[in-house]
Number of protein chains: 2
Amino acid sequence: MAKGTLSSSGSLSAKAPEERRERILRATVDVVRTRGFAGARVSDIAEAAGTSQGLVLYHFRSLAGALDAALTLLEDEFYDDLARDLQEQVGPVERLRHMADLGAGHGPAVGDWRLWLELWVRALHDPDARETRESLDRRWRAALREVIAEGAAAGDFDPIDIDSAVIRLASLMDGLAIQLALEDADMTTQRLADLWWDAAVLELRMPR
Amino acid sequence: MAKGTLSSSGSLSAKAPEERRERILRATVDVVRTRGFAGARVSDIAEAAGTSQGLVLYHFRSLAGALDAALTLLEDEFYDDLARDLQEQVGPVERLRHMADLGAGHGPAVGDWRLWLELWVRALHDPDARETRESLDRRWRAALREVIAEGAAAGDFDPIDIDSAVIRLASLMDGLAIQLALEDADMTTQRLADLWWDAAVLELRMPR
DNA sequence: GCACGTACTGAACGCTCATTCAGATAGCCT
DNA sequence: AGGCTATCTGAATGAGCGTTCAGTACGTGC
């Protein structure tokens, strides 16, 4: 009897609740990725998570609640991914180079441009989404600015105006990414990374 | 149709049908602009057009039909606006300068970036929209390329690689426009035009 | 005049979907 | 054991919305 007490012995779902919740969140992100915010149904999420519709509504209070939770999950992961990824690189040039690749689509949250597009449009109509995307954008730009400032201080870059350089390079990434997300015939991850890098070379007046 | 006779005397709605249809189309665009594709309801359109729901479905066969029609209206107007606007300008430099302003939001169809965002996301899921946006993009980029080529031939510009310059400048415009559409605190039409123009100066190596 | 097609309306129909709810199951506490 | 709560399910509910439809008004051709 004493039995561990703890989290149950060998029940069907072990310490299920948290894990289940997590699964549903992941499923929500997946559904948004494929069906879009507008096309996401509770039944899609339930099916993707392998649970009942009821449970989705039990854990989050509504469909909107699940979507919001997915949004903040994304936000957190984006930040973690970005921070970790950049820490691995050594100098400013390496970091910037790495950012070009990040945009081209690595990591689970960064570079998932379909999701980004969806977020932008949702931000047009939903205040929560607006805040999330603003926060994401701020973070991304702050990281970019930091790398550039670091490089400028080290003499690797010589931008005419840091503020403008940051905005332009961040915007260019977004613009290029649209074509990637929409599967434009002549846009690949490689091409995106190259185009962006060349722009950075120009913009930051990097010595050859 | 030629037949004179024209439309009757002074009935309530004069030669209404065509005018009515047009009004509904405009209303559809308006609704998409404010509510988005996903949020557009037949009743919204009817109300905005000052007609009954029935009539919307009578002229277009379905809600999707109305949205599609609005899409092609947009496409046509975009093209006309662009062509007319650019013809008014004299040299390549003037034309390019004017394109910066166009992006910043003039003309009824060009520069309406909220609509653009909506179109992009719709293109993720709807083949018709995908084609429309591809066509719009192609036209815009073709115009840009023409201006740049013209300027390069005249010695006003000296781009390292025209293809890359076109893609980057077009993408940058899209990226900057996102911030404008989302009403980012530090993005205005003026700033967009300036940022883009400066990038063009850099990218096309314009002599001061 | 009368039939007829076009333009148009408002009410009704039926379907999809989020949300609610009445349980079922199983651990936990006393 | 017997309640109590957290977790979970499948069916029922009901609202919202696209589409259909029966009907009105009106101009045109005969």
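A, B, ... follow the sequence lines: proteins, then strands. Residue 1 opens every chain.
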> OP1 or OP2 of C:dT9 less than 4.0 angstrom from a side-chain nitrogen or oxygen of B:Arg20, does that happen here?
Replying inline: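 Yes, within the criterion.
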>> With a 4.0 Å cutoff (strictly under), does any side-chain N or O of B:His59 reach OP1 or OP2 of C:dC8?
In response: yes
> How about A:Asp198 and B:Ser164: do any of their side-chain heavy atoms sit closer than 4.5 Å?
Replying inline: no
Atom-pair distance ([atom1] on [X]; [atom2] on [N]), nearest Å:
| X | N | atom1 | atom2 | answer |
| --- | --- | --- | --- | --- |
| B:Ile24 | C:dC8 | CD1 | P | 7 Å |
| B:Tyr58 | D:dT24 | OH | P | 18 Å |
| B:Arg61 | D:dC21 | CZ | P | 12 Å |
| B:Glu47 | C:dG10 | CD | P | 13 Å |
| A:Phe37 | C:dC17 | CZ | C1' | 19 Å |
| B:Arg23 | C:dC8 | CZ | C1' | 14 Å |
| B:Asp44 | D:dG16 | CG | C1' | 12 Å |

Any salt bridge between [X] and [Y], counting N to O under 4.0 Å?
| X | Y | value |
| --- | --- | --- |
| A:Asp44 | A:Arg35 | yes |
| A:Glu183 | B:Arg130 | yes |
| B:Glu22 | B:Arg26 | yes |

Can you tell me which nucleotide in [options] comes closest to the side chain of [X]?
| X | options | answer |
| --- | --- | --- |
| A:Ser52 | C:dC8, C:dC17, D:dG10 | D:dG10 |
| A:Arg41 | C:dC17, D:dC8, D:dT19 | C:dC17 |
| B:Leu57 | C:dC17, D:dT20, D:dC8 | D:dT20 |
| B:Leu55 | C:dT9, D:dG18, C:dC17 | C:dT9 |
| A:Val42 | C:dA18, C:dA7, D:dC8 | C:dA18 |
| B:Gln53 | D:dG18, D:dC8, C:dA7 | D:dG18 |

>> Mind checking if A:Ala40 touches a base, just sugar-phosphate, or nothing, with heavy atoms under 4.0 Å?
In response: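 Answer is sugar-phosphate: A:Ala40 comes under 4.0 Å of backbone atoms only.
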> Contact class for B:Ala66 vs. all strands (heavy atom < 4.0 Å): base, sugar-phosphate, or nothing?
Replying inline: nothing
> What are the two closest non-hydrogen atoms of B:Arg20 and B:Thr51, and how far apart are they?
Replying inline: NH2-CG2, 3.7 Å
